[in-house]
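Structure record follows, encoded as structure tokens.
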Amino acid sequence: MRTSDFPLNTVKETPADAEIISHQLMIRAGLVRKLAAGLYNWLPLGVRVLQKVQNIVREEMDKAGALEVLMPVVQPAELWQESGRWEQYGPELARLNDRHGREFCLGPTHEEIITELARNEIKSYKQLPLNYYQIQTKFRDEIRPRFGLMRSREFLMKDAYSFHMNEASLQETYDRMFQAYNNIFNRLGLNFRPVLADTGSIGGNASHEFHVLAESGEDEIAFSTDSQYAANVEKAEAVAPSQTRAEPDQALEKVATPQQKTIEEISQFLNIPASQCLKTLLVKSEDDGLIALLLRGDHQLNEIKAEKLPGVQNPLTLATDEDIQQAIHCETGYIGPINLNIPLIVDRSAAHMANFACGANENGQHYLGVNWQRDVPLPERIEDIRQVVEGDESPDGQGTLTIARGIEVGHIFQLGTKYSEAMNACVLDENGKNTVMTMGCYGIGVTRVIAAAIEQNHDDKGITWPAALAPFEVALLPMNMHKSERLKAASEKLYLALKTAGVDVLFDDRKVRPGFMFSDMELIGIPHRIVLGDKGLDNGMVEYRARTESDNQDIPLDNIVDFISQAIKNTKST
RNA sequence: CGGGGUGUAGCGCAGCCUGGUAGCGCAACUGCUUUGGGAGCAGUGGGUCGGGAGUUCGAAUCUCUCCACCCCGACCA
């Protein structure tokens, strides 16, 4: 490709509304342009990268035995009503009517559609297992689209759905997908980790997320220092402290704490660490009453864990100030377990506290030196309801947890029969008996992968694409070609030779100054650069430099095609 | 949805407080010079100042209203 035929649309200035580096660079390099909040146009250069990702995803999915399909973006409401998600989904589901007034939505995902497809097309156990996938646009009307292509409203996703006779077959495909995902992200050249995950609103059993590690990631991941254990903090289990609870050695004492409500204020006011304060949160119970959740002051409630507990309203709902006033006759901030006449659930770590402080259920009053059993019965329900923190013991008993940030680029689920049962997707088994199919689903955020790749691969000059993602493999830069017929001839000849050798080369034949060319090619992140100049030609040499290197290498013109082919091969295999 | 902010040339911004001929830099186009790290000089084109209503002799500027976009928050008592 020639730059005279392939305008680069790079911009020197950083757009004002781009917060994170990938967003800035995607706009500066001319990959995308914003159309509206969360909506982007893809320019030719960006499309090339998109296609690279798609090709790798396709190859690995095909290799893993999945079959490509294509389903509509616009989906009839009936199917969503059948699964129950028409009501469950909030405003994130974009709904619309056609000219006849019939209801539709823009697909945020395709479980309903694939289940409808499968129940019509799959009749016999002999056709199973089957794994369908597509690469298709999704629309989610996000509360707040942000970080450019990282959380846009419209985005490209690879989604796959598998169908099975039983759990064992599902597990087999799930394992294959797990492997396929590892292959995909390895081939893409990303630094990533598969982690145990919560199944979220989609429901189901086992689930893994694939995270690209980056500071700007929106998710927190907990890793063991000593083992392979890795989990999203939403999911990571906070194990009970291994040491036994300290003996009471302080007397119970009631102290005035006027205007001191938050844990921070209390710990400062009483001059005790937050870990010695007990935090009491009131939430709604299933029958619309109240339940108290007790946590160590320095710990945070894990909403996902809490709302799964029997008796706790799901989704988790905090008690209002009025509820609390009515039930306890005090304000928030002064609640504690002593003489608290509502059901209590205590976190494992909180159950190990001794000589702690807590609210006295009277405005402006706290207790000090509180101990379980002596001053207040230890609640029967001891559960894991907190977020893990750095330094916690790893749930597998090996090492401690460290926490890193990640960008979720893939997610695989064992769905079970959630959708197939609701939508009656059955096949006949070998006895001619109707059986509900078991399902799995597997997603990759194709557009997000690109943003994540840039977050992980950039320098002060621009993008430093992993080889597999770069829009072109080689930049061919002639210095002032329009002034030298000899240079022009040599450049054209080399361009042709590279193309013939199957190299994806971008030939900068614009009449621009050298510095301009260098900057453009570095910004858009082409991994290999060949520079031709008159001086070099005198000696039959050209210059080579890899995008991530800072020094030139002189290569004989006669060898450069072989040299480059080899360099490309090397970067691809690493 | 709550709070805050911004809308002026393709992009980045000034002008607004204190009403009086719409500006700067980059980009684009033309010409000349230059040519190994985003060139210099000269010239050219480009604006319903987000939309609407109002106040005024006169509104980018003041008032009201609508819209768009951005940031923070939306469990941490």
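Chain letters run A, B, ... following the sequence lines, proteins first and then strands; every chain starts at 1. Treat the numbers as computed from the prediction; the structure is a model and nothing was measured.
At the heavy-atom level, A/Glu543 lies under 4.0 Å from base atoms of the strands shown. Here A/Lys279 lies in heavy-atom contact (under 4.0 Å) with a base. Using a 4.0 Å heavy-atom distance criterion, A/Leu316 is classed as making no nucleic acid contact. Among the heavy atoms of the strands, none lies under 4.0 Å from A/Arg510. When heavy atoms are screened at a 4.0 angstrom cut-off, A/Lys12 is found touching base atoms of the nucleic acid. At a threshold of 4.0 angstrom between heavy atoms, the contacts of A/Ala319 include nucleobase atoms, whether or not backbone atoms are also involved. Within 4.0 Å of A/Leu295, counting heavy atoms only, lies no atom of the nucleic acid at all. Contact annotation for A/Arg146: backbone-only contact, meaning every heavy-atom pair under 4.0 Å involves sugar-phosphate atoms and none involves a base. Across all strands, A/Val512 comes closer than 4.0 Å to no nucleic acid atom at all (heavy-atom distances).
Remark: B/C64 base-pairs with B/G52; criterion is Watson-Crick or G-U wobble with both hydrogen-bond distances under 3.5 Å. The nucleotide B/A28 finds its pairing partner in B/U44, both defining distances of the Watson-Crick or G-U wobble pair being shorter than 3.5 Å. Shown here, B/G38 forms no base pair; nothing in the strands shown gives a Watson-Crick or G-U wobble contact with both key distances under 3.5 Å. Pair check for B/C75 finds none; no Watson-Crick or G-U wobble contact set falls under 3.5 Å. Base-pair partner of B/A22: not found among the strands shown (Watson-Crick or G-U wobble, both distances under 3.5 Å). Base pairing of B/C17: no nucleotide in any strand meets the Watson-Crick or G-U wobble criterion (both distances under 3.5 Å).
Ring-plane geometry between A/Tyr40 and A/His23 is classed as perpendicular, the angle between the planes exceeding 60 degrees on a 0 to 90 degree scale with a lower cut at 30. Using cut-offs of 30° and 60° for the angle between ring planes, the A/Tyr495 and A/Phe507 rings count as tilted.
For the C1' atom pair drawn from B/U8 and B/A60, the interatomic distance equals 7 Å after rounding to whole Å. With P as the reference atom, B/C66 and B/C71 are 23 Å apart, rounded to whole Å. Rounded to whole Å, the separation between the C1' atoms of B/C32 and B/G46 comes to 24 Å. Between B/C24 and B/C49, the distance separating the two C1' atoms is 15 Å to the nearest Å.
Side chain of A/Asp347 to main chain of A/Asp384: no donor-acceptor pair is present (N/O by atom type, distance under 3.5 Å, no hydrogens or angles). The backbone N or O of A/Leu537 sits nowhere less than 3.5 Å from a side-chain atom of A/Asp534 that would complete a donor-acceptor pair. The backbone N or O of A/Glu234 sits less than 3.5 Å from a side-chain atom of A/Asn302, completing a donor-acceptor pair.
Where A/Met517 and A/His299 meet RNA chain B, the nucleotide closest to each residue was compared, and A/Met517 sits on the side nearer the 5' end. Along RNA chain B, the nucleotide nearest to A/Thr14 and the one nearest to A/Ile335 differ in position, and the one closer to the 5' end is contacted by A/Thr14.
You can see that RNA chain B meets the heavy atoms of chain A within a 4.0 Å-exclusive cut from B/C11 to B/A77, reading 5' to 3'.
Between the side chains of A/Thr400 and A/Asp392, no donor-acceptor pair is found at a separation under 3.5 Å. Side-chain contact of A/Ser216 with A/Arg405: a donor-acceptor pair under 3.5 Å is absent, judged by distance alone.
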Give the C-alpha distance, both sets of side-chain angles, the deciding distance and a yes or no for side chain to side chain donor-acceptor pair (under 3.5 Å) between A/Thr10 and A/Arg28. CA-CA 5 Å; A/Thr10 53; A/Arg28 289 227 293 131; over 6 Å; no

